[in-house]
2 protein chains.
Amino acid sequence: MLLTLRSGRLCVLLIQHDQPGSVAWAEPVAPAGPAGWLLPGGFVDGDEDLDAHAARRLAAATGVTGTGHLEQLRTYGGPHRDPRPAGVSVAYLAMLANLPQPPPRPHGPGGRWWPVEDLDTPDGPALVFDHRRIVVDGVERARGKLEYTPLAAAFCEDEFTLADLRRVYEAAWGVALDPPNFRRKVLSTPDFVVPLGRRALPRGGGRPAELYRRGAATALHPPLLRRSV
Amino acid sequence: MLLTLRSGRLCVLLIQHDQPGSVAWAEPVAPAGPAGWLLPGGFVDGDEDLDAHAARRLAAATGVTGTGHLEQLRTYGGPHRDPRPAGVSVAYLAMLANLPQPPPRPHGPGGRWWPVEDLDTPDGPALVFDHRRIVVDGVERARGKLEYTPLAAAFCEDEFTLADLRRVYEAAWGVALDPPNFRRKVLSTPDFVVPLGRRALPRGGGRPAELYRRGAATALHPPLLRRSV
DNA sequence: CCAAAAGTGTTGTCCATACACCCATGG
DNA sequence: CCATGGGTGTATGGACAACACTTTTGG
């Protein structure tokens, strides 16, 4: 399951489920079930480490290697989940910087980025099998992890401004954050970001922002809590 | 993977791995590898929901049904993890109130509760395969979830005092908490605990404590953060 | 000069910590 | 009466939200 930020909205990559064939990084099932959208996925050959397998797939699919973030989400299993041979699905969650436009589709069913907020609207995609549940779990995981890990940087390019980082939180949480306070909070969290001493190119009015890259922290102390209740 | 609190210490249930046979709730592998300790586990028959399967196993193993907490931890897979036929292991994590003494062992290899703090000491158990990694992951998951979920109540009996609850945090985190402040924090978190209006039996000096049961909250707002840094 | 975005300063409020103190029980 | 543990009150310090203000760019 791939998450990214596009036009200030948190988006998930879905594959149209209505024709046979496969794309470079996805092996959707043959069109036995109802039409709809599903998550890209495939099968493990059996004797490979799960994390390594997922990383290899992700790299093959997107070309992204060093950047972003990839982690295991959860394992879904049991009967009545999809018409494939009974078994379990180990879902992985990837967070990536804005990929170049719609993803490549050499041949086979089309894929596109869907804003997660559109999933439950009439115009949104209908997810087949238990994939809606997986997407909900993944989005909730990402939203939660933004609070206490430096995950937000995975949604940014290697060099980013604090406004870029703030927009990740705003998009994922659907809130507006106060820029001055956000800046102080991030800079006061040790090893969250590292200043590069350079500035971004100005773009249409406004003072150019300083550039940062991700720091070495694996957890945020203190966490950056979302205003709840 | 079963966690509980025994004598104020966080403990994990391990099975001795040195003789064939099986116990009611565990099916350890035949003694092909080195001697040591492993987590109880078994095999899924294929067509059952993973969560339901884990819950059924847990109930069969301990007799515990309504209380405690059970959740999926992570899936571990790939080669070189253990001599069993290649495949993946879906680890589940259960948190339970103090079970009656060492767990039952009708026949087969022995099991016992090990304090997690002893795992890396010379006197501690040597874990085989990748089970040490699983235990570390599970303990860390439990420690983290105490902060932002009402998980601590799962380690207590159905009716408990705030001191019982506090001792869960103290054991899991290895810190001492200030009883007055802990009390205020818990009571000010909506739906964390519900007062019963009764008191526990006094036990050897000291004022009897009020009794509580778990509330309906699924997440703590605000979280009960451990003092870090 | 004006608008827009980045960044700094300031202040009031809230909350957690630390600790003094009171309550209820057993010996 | 004392020791022990449960429960309440309270002052102080730190953190954060809100917002005024300065800086630096494009038009």
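Throughout, protein chains are lettered first and strands after them, A, B, ... in sequence-line order, and every chain is numbered starting at 1.
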Return the residues of residues 145-158 of chain B meeting this criterion: a heavy atom under 4.0 Å from some atom of DNA chain C. Order them by number, or give none.
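Correct list: empty, so none.
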Close residues, residues 160-171 of chain A, relative to DNA chain C [heavy-atom separation under 4.0 Å]:
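Those residues whose heavy atoms fall under 4.0 Å from DNA chain C, taken from residues 160-171 of chain A in numerical order, are A/Ala163, A/Arg166.
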What is the distance, to the nearest angstrom, from the CG atom on A/Leu201 to the C1' atom on C/dA5?
15 Å
To the nearest angstrom, how far is A/Leu177 atom CG from C/dA6 atom P?
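Interatomic distance, CG of A/Leu177 to P of C/dA6: 13 Å.
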Under 4.0 Å protein heavy-atom contact, by nucleotide of nucleotides 10-20 of chain C - B base, S sugar-phosphate only
B------BBB-
Considering non-hydrogen atoms only, spot the tightest contact between [X] and [Y] and give its length.
X        : Y        : result
A/Pro115 : A/Arg9   : CG-NH2, 3.2 Å
B/Gly124 : B/Trp114 : CA-CZ3, 4.0 Å
B/Gly138 : B/Met1   : CA-CE, 4.0 Å
B/Pro150 : B/Ala219 : CD-N, 4.1 Å
A/Cys156 : A/Thr67  : O-OG1, 4.2 Å

Kindly check if the number of other-residue, nucleotide or ligand heavy atoms within 6.0 Å of [atom1] ([X]) is above 12?
X        : atom1 : answer
A/Arg199 : CZ    : yes
A/Arg56  : CZ    : yes
A/Arg143 : CZ    : yes

Phosphate OP1/OP2 of C/dA6 contacted by A/Arg183 side-chain N/O (<4.0 Å)
no
Chain B on DNA chain D: first and last contacting nucleotide, 5' to 3', under 4.0 Å to a heavy atom?
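Terminal contacting nucleotides, 5' to 3': D/dT4 to D/dT10.
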Using 4.0 Å as the upper bound for N to carboxylate O, is an ion pair formed by A/Asp178 and A/Arg184?
no
Is the shortest side-chain N to carboxylate O distance from B/Asp137 to B/Arg141 below 4.0 Å?
no
Anything under 3.5 Å between a donor and an acceptor, one on a side chain of residues 163-172 of chain B, the other on a protein residue two or more places apart or in another chain? List them.
residue  : atom : partner  : partner atom : Å
B/Asp164 : OD2  : B/Thr161 : N            : 3.0
B/Asp164 : OD2  : B/Thr161 : OG1          : 3.2
B/Arg166 : NH1  : B/Glu170 : OE2          : 3.4
B/Tyr169 : OH   : B/Leu146 : O            : 3.0
B/Glu170 : OE2  : B/Leu177 : N            : 2.9

Residue among A/Val12, A/Leu119, A/Leu127 satisfying side chain to side chain contact (heavy atoms under 4.5 Å, CB included) with A/Trp37
A/Leu127
Sequence neighbours left out, what passes salt bridge (charged side-chain N to carboxylate O under 4.0 Å, His left out) with B/Asp158? Give chain and number order.
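Not a single residue meets the salt bridge (charged side-chain N to carboxylate O under 4.0 Å, His left out) criterion with B/Asp158.
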